[in-house]
Protein chains: 2
Amino acid sequence: MKSDKISEAVVRRLPVYLRFLNDLQKREISTVSSQELGQKLDLNPAQIRKDLAYFGDFGRKGIGYDVSYLIEKIRHILKLDQQINVALVGAGNLGHALSNYNAYLKDTMKITAIFDAYEPKVGQQINSLTVQPMSQLGDTIRAQGIRIGIITVPDSEAQNVADILVDSGIEAILNFAPVILKTPSNIRIHAADFTTDLQSLAYYLHDGKDEAEDEQQ
Amino acid sequence: MKSDKISEAVVRRLPVYLRFLNDLQKREISTVSSQELGQKLDLNPAQIRKDLAYFGDFGRKGIGYDVSYLIEKIRHILKLDQQINVALVGAGNLGHALSNYNAYLKDTMKITAIFDAYEPKVGQQINSLTVQPMSQLGDTIRAQGIRIGIITVPDSEAQNVADILVDSGIEAILNFAPVILKTPSNIRIHAADFTTDLQSLAYYLHDGKDEAEDEQQ
DNA sequence: TAGATTGTTAATCGATTAACAATC
DNA sequence: TAGATTGTTAATCGATTAACAATC
């Protein structure tokens with residue numbers, strides 16, 4: 001296939017494929033079919049083939065997909081074959097936790113700067129990074145070529161921080177604050193809001209006997 | 001309208017509505033139209049009206065929606081009008097961060113127990129909760145009527161923890177580990193995987209000049 | 001009454017799944 | 001060759017949006 005505009009649903013599945021392929025590689029499995037992938041990832045095999053076919057002919061009929069080759073291709077599609085620097089704004093507990101994932105993200109993505117507005121936090125060491133004052137944000141982003149920002153500040157500051165990130169030339173934002181950020185349309189925003197997740201989970205709790213039952217299938 | 005099976009997309013928007021309505025209430029705004037909601041939340045007004053109409057006739061023609069009334073209704077739909085106890089498994093940095101949200105979740109949802117498999121962690125105090133050993137999990141879940149589990153353990157333990165949670169009678173899981181959990185179909189699972197989020201964000205970074213451009217619109 | 005806004009039906013759009021020829 | 005599995009087209013399914021009568 002190749003080309004066409006790719007839907008967000010497709011893009012969001014690519015990292016899931018990648019994760020599992022990495023796993024297969026670690027286990028020294030060199031080939032995998034869409035069928036096997038589908039089974040392990042709870043997805044329809046046709047969907048997986050279609051997703052991959054948007055980007056090229058990566059498989060071999062009768063055989064399946066070569067694990068190493070597919071990893072390489074997906075990494076390229078996701079731009080994970082180059083280093084992407086990430087800035088973390090908000091050195092609270094959550095920011096702290098996320099900065100630990102540096103090891104996991106490996107070479108490809110990396111939090112390379114941490115900022116906080118709160119005076120006493122500035123200068124603290126978090127996993128070998130020094131917390132910088134907000135006034136440094138623009139300079140550091142430009143100096144380090146940082147392209148993605150993670151927002152872990154309190155709700156009330158999130159929009160303000162987003163504005164500053166955008167002004168500093170950031171291209172995408174991962175927002176942990178439970179607010180809808182307003183930014184120019186060329187800035188990509190993903191909401192990573194754990195309270196929304198939890199609250200929608202509650203909907204699916206089994207009802208007590210006193211409730212109309214909505215959820216048989 | 002009322003009834004029909006409600007899609008997950010709808011359910012996931014309800015907490016977003018709720019959050020904004022709470023905001024309006026704080027600002028003492030008593031009425032809101034689907035138009036205003038749509039504008040602030042970046043959603044189509046017709047979609048908002050349709051979402052709400054699945055659950056009842058909450059608005060008034062020519063007027064809009066009464067903020068307090070709609071809050072009450074959505075809280076009921078999401079079962080946030082009763083206390084829901086939550087267990088957190090994994091007292092690492094991320095678990096630590098999440099436990100702070102107790103204040104935010106208020107009365108309705110509450111992390112009431114924290115567990116960790118690592119001996120030295122057991123007994124530690126985290127925000128007035130004592131970290132319990134995994135062996136206590138079943139007993140505590142049953143004793144406290146805990147219905148939702150949050151998994152913040154390392155990848156390799158996540159499935160094991162999920163199994164234990166399911167055995168202990170949990171109904172829903174919020175999973176922060178980047179793995180696909182296998183559970184019975186009556187258990188609701190939401191993936192809250194920050195690495196997947198970040199990696200899919202990278203796709204949307206603007207290409208360098210050396211790349212075929214996929215992303216004009 | 002005139003203006004605003006809902007609830008709902010119909011139209012559109014997009015995403016998932018089935019099916020199958022091509023081919024390893 | 002027979003069996004397996006891709007890439008892709010067509011069919012299905014579902015979600016979003018437009019439009020409008022009802023009505024505050």
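Residue numbers begin at 1 in each chain, while the letters A, B, ... track the order of the sequences.
Within the model, atoms CD1 of A/I84 and OG1 of A/T112 stand 11.0 Å from one another, a figure rounded to the nearest 0.5 Å. Between atom CZ of residue A/R188 and atom CD of residue A/E8 there is a gap of 4.5 Å, rounded to the nearest 0.5 Å. Taking CG from B/L98 and CG from B/L94, the interatomic distance works out to 4.5 Å, rounded to the nearest 0.5 Å.
Side-chain proximity of A/A53 to D/dG7, C/dT16, D/dT16: nearest is D/dG7. Residue B/A46 places its side chain closer to D/dA19 than to any other of D/dT5, D/dT16, D/dA19. Of the candidate nucleotides C/dT16, C/dT5, D/dT17, C/dT5 has the atom nearest to the side chain of B/S33. Of the candidates C/dT5, C/dG7, C/dT16, C/dG7 carries the atom nearest the B/D57 side chain, counting heavy atoms from C-beta on.
Using cut-offs of 30° and 60° for the angle between ring planes, the B/F194 and A/F176 rings count as tilted.
The side chain of A/R49 contributes no N or O atom lying less than 4.0 Å from OP1 or OP2 of C/dC20. Phosphate proximity of D/dT5 to A/S34: absent, as no side-chain N or O sits under 4.0 Å from OP1 or OP2.
We find that OH of B/Y54 is positioned 12 Å from C1' of C/dG7, with the value rounded to whole Å. Atom CG of B/N44 is separated from atom P of C/dT5 by 15 Å (rounded to the nearest Å). With rounding to whole Å, B/K50 atom NZ is found 10 Å from D/dT17 atom C1'. Atom pair A/L43:CG and C/dA18:P shows a separation of 13 Å (rounding to whole Å applied). In this structure, A/L52 atom CG and D/dG7 atom P are separated by 8 Å, rounded to whole Å. A straight line from CZ of A/F55 to P of D/dG7 spans 13 Å, rounded to a whole angstrom. One atom, CZ of B/R12, and another, P of D/dA15, lie 14 Å apart when rounded to the nearest Å. Distance B/Q47 CD to C/dG14 P: 14 Å, rounded to the nearest Å.
Distance alone, capped at 3.5 Å, is enough to place a donor-acceptor pair between the A/T152 side chain and the A/V89 backbone.
Under the 3.5 Å distance criterion, with hydrogens and angles disregarded, no donor-acceptor pair is assigned to the side chains of B/Q47 and B/D51.
Across the strands present, C/dC24 finds its partner in D/dG3; the criterion is a Watson-Crick or G-U wobble pair with both atom distances under 3.5 angstrom. The base-pairing partner of C/dA11, taking Watson-Crick or G-U wobble contacts with both distances under 3.5 Å, is D/dT16.
DNA chain C lies under 4.0 Å from at least one heavy atom of each of the following residues of residues 60-71 of chain B: B/R60, B/K61, B/G62, B/I63, B/G64, B/Y65.
In summary, of the residues considered (B/H190, B/R12, B/R19, B/R13), a side chain to side chain donor-acceptor pair (under 3.5 Å) with A/T196 occurs for B/R19 alone.
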